[in-house]
Visitor: 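Got a structure here, written out as structure tokens. Questions coming.
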2 protein chains.
Amino acid sequence: MATIAVENYLKHALLLAERSPDGLVPMGELASALAVVPGTATTMVKALADSGLVVHEPRRGLRLTPEGRRVALNVLRKHRLVETFLVNVLKMDWAQVHAEAEQLEHAISDAVLDRLDALLGHPATDPHGDPIPSVEGTLNSAVYATLATCATEAPLRVVRVTDQSADFLTFAEAHGLRPGTTARVVDRNLPAGLVTLRRPRGKPFALSLSAAGRIWVEPADSP
Amino acid sequence: MATIAVENYLKHALLLAERSPDGLVPMGELASALAVVPGTATTMVKALADSGLVVHEPRRGLRLTPEGRRVALNVLRKHRLVETFLVNVLKMDWAQVHAEAEQLEHAISDAVLDRLDALLGHPATDPHGDPIPSVEGTLNSAVYATLATCATEAPLRVVRVTDQSADFLTFAEAHGLRPGTTARVVDRNLPAGLVTLRRPRGKPFALSLSAAGRIWVEPADSP
DNA sequence: GGATATATTTTGACAGTTCAAAATAAATCC
DNA sequence: GGATTTATTTTGAACTGTCAAAATATATCC
């Protein structure tokens, strides 16, 4: 049985590998995702390699093995289903649930997970729009445009918010930027690094290009 | 913040202290409740004493301090509310939920606990009839008669089943012995160590005196 | 292409939790 | 009341996961 630390290493390795073309995760990125010093990550990755969960390519990084990926997807599935439960059933603030799920993901059994999944109606995404891995281990990693890159003026629907910090999520919610809500980009000022948005029947407001890059959107039908 | 090990030591110390008149818990009992060798318990209890969570009386045992009791009650509250959630909401088998709650009790925050408590309607007992400590830290430890000690013939209602083993709970449920159900003792044969029961519209069946001692009952009004 | 900056690994140490086995204290039993 | 049994504590060691800091590759930059 994987320890909590092992589950965390694998989960973060998966998240980083998803955002890298070749699946190679540099040691330093893993270390800072886990908030440990680089030497600690090296030590742990060697142990994971001995267990067959990752392949360690010295001085280059690590890759998940199929078994490591399987474990990581199971943890991620727990994390995201727990988040969904906390928001949809317990009506908790979506800005808080990430931290709660970080703990619960390691304590919940597969049996409980199945019941939770059924209770929630087998959701495809969590409250942030992050895709929930299936029981079979598939992860929908569709890539969308963001408010930093999408067309201006056209109506948009928010589909995902890729930042787990409570501050950012509280800000986003305060401006109506949750998955499912609609908005349009009225201006994008690259030199100033600003994107100006407008929600239906709302006042225009601005956010930084880097913040805008964390709001994923798709074209919306109605204006 | 208390570690998982610390929470477990305190929780078991509380459970053992409740069943001891003077609140003194012998080291060996604690060690076997936690499934560790006695030396380990000694080491840990000394550390807990240094943290002010217990008082260690060498060669006699330990006692919870008010602070240790507070932490233990919080863990026990989490355990029992989680069990209630798993049975009432997720419809899990009552024989399994103890093991699940052993993990979840250490991962659930006070914020989640409050929501869960509200969702469940502030229950007073868990599915086994074990009292749920209040947020304020009071624990109803009323003592009832058991099937081993109660009057015969009179109608009874099961109020509590004090055995967490899945086998026993499955057996009890199969015979309709869950809190809320009714039965009567039709015979008690002390030399043979047997108690014979009868459920309304059911066939008489027997169980051992020691098993009967784990089924707590109160007089029921209707026959 | 040698100097410098950056990333990674190695080394030694520590905290927490555990066990095995020896030592010690307390209780019990003729 | 001395011998024996039983409970507890001590001692020495192991394992997991971590850090600090030194050592070592690798990449980059004139």
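Quick note on labels: first sequence line is chain A, next is B, and so on, each numbered from 1.
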Visitor: To the nearest 0.5 Å, tell me how far B:Thr84 OG1 sits from B:Asp126 CG.
Guide: 5.0 Å
Visitor: Look at B:Arg69 together with B:Glu18 and state whether they make a salt bridge at an N to O cut-off of under 4.0 Å.
Guide: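 Here B:Arg69 pairs with B:Glu18 in a salt bridge, since their nearest N and O are under 4.0 Å apart.
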Visitor: Just to be sure I understand the geometry, which residues of residues 8-21 of chain A put a non-hydrogen atom under 4.0 Å away from DNA chain C?
Guide: none
Visitor: Going by distance alone, is a donor N or O of one side chain under 3.5 Å from an acceptor N or O of the other, for B:Asp22 and B:Ser20?
Guide: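 Yes, side-chain donor-acceptor contact under 3.5 Å.
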Visitor: With a 4.0 Å heavy-atom cut-off, tell me which residues in residues 41-58 of chain B come close to DNA chain C, sorted by residue number.
Guide: B:Thr43, B:Met44
Visitor: Hey, would you say the B:His128 and B:His98 ring centroids sit under 6.0 Å apart?
Guide: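 They do not qualify: ring centres at least 6.0 Å apart.
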Visitor: Would B:Arg160 and B:Glu218 pass as an ion pair if we require N to O under 4.0 Å?
Guide: no
Visitor: Expected output is a numbered-order residue list: members of residues 23-35 of chain A with a heavy atom under 4.0 Å from any atom of DNA chain D. What is it?
Guide: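 Within residues 23-35 of chain A, the residues near DNA chain D are A:Ala35.
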Visitor: Taking the side chain as C-beta and beyond, is there a heavy-atom pair between B:Val195 and B:Leu197 under 4.5 Å?
Guide: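 Sidechains of B:Leu197 and B:Val195: in contact.
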Visitor: Taking CD from B:Glu7 and C1' from C:dT17, how many angstroms apart are they, rounded to a whole number?
Guide: 15 Å
Visitor: Hey, do the aromatic rings of B:Phe205 and B:Phe171 have their centres closer than 6.0 Å?
Guide: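 For B:Phe205 and B:Phe171, the ring centres are not under 6.0 Å apart.
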Visitor: Should the pair A:Lys11-A:Glu105 be classified as a salt bridge under the 4.0 Å nitrogen-to-oxygen rule?
Guide: yes
Visitor: Write down the distance between CD1 (A:Ile4) and P (C:dT17), rounded to a whole number of angstrom.
Guide: 12 Å
Visitor: State plainly whether the residues B:Glu67 and B:Arg70 are in salt-bridge range, i.e. N to O under 4.0 Å.
Guide: yes
Visitor: Is there a side-chain contact between A:Pro133 and A:Leu139, using heavy atoms and a 4.5 Å cut-off?
Guide: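 Touching, per the 4.5 Å side-chain cut-off.
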Visitor: Per the atom types in the model, does the base of D:dT24 pair as donor or acceptor with the side chain of A:Arg59 at under 3.5 Å?
Guide: yes
Visitor: Between B:Thr40 and C:dC19, is there a side-chain N or O to OP1/OP2 distance below 4.0 Å?
Guide: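 Yes.
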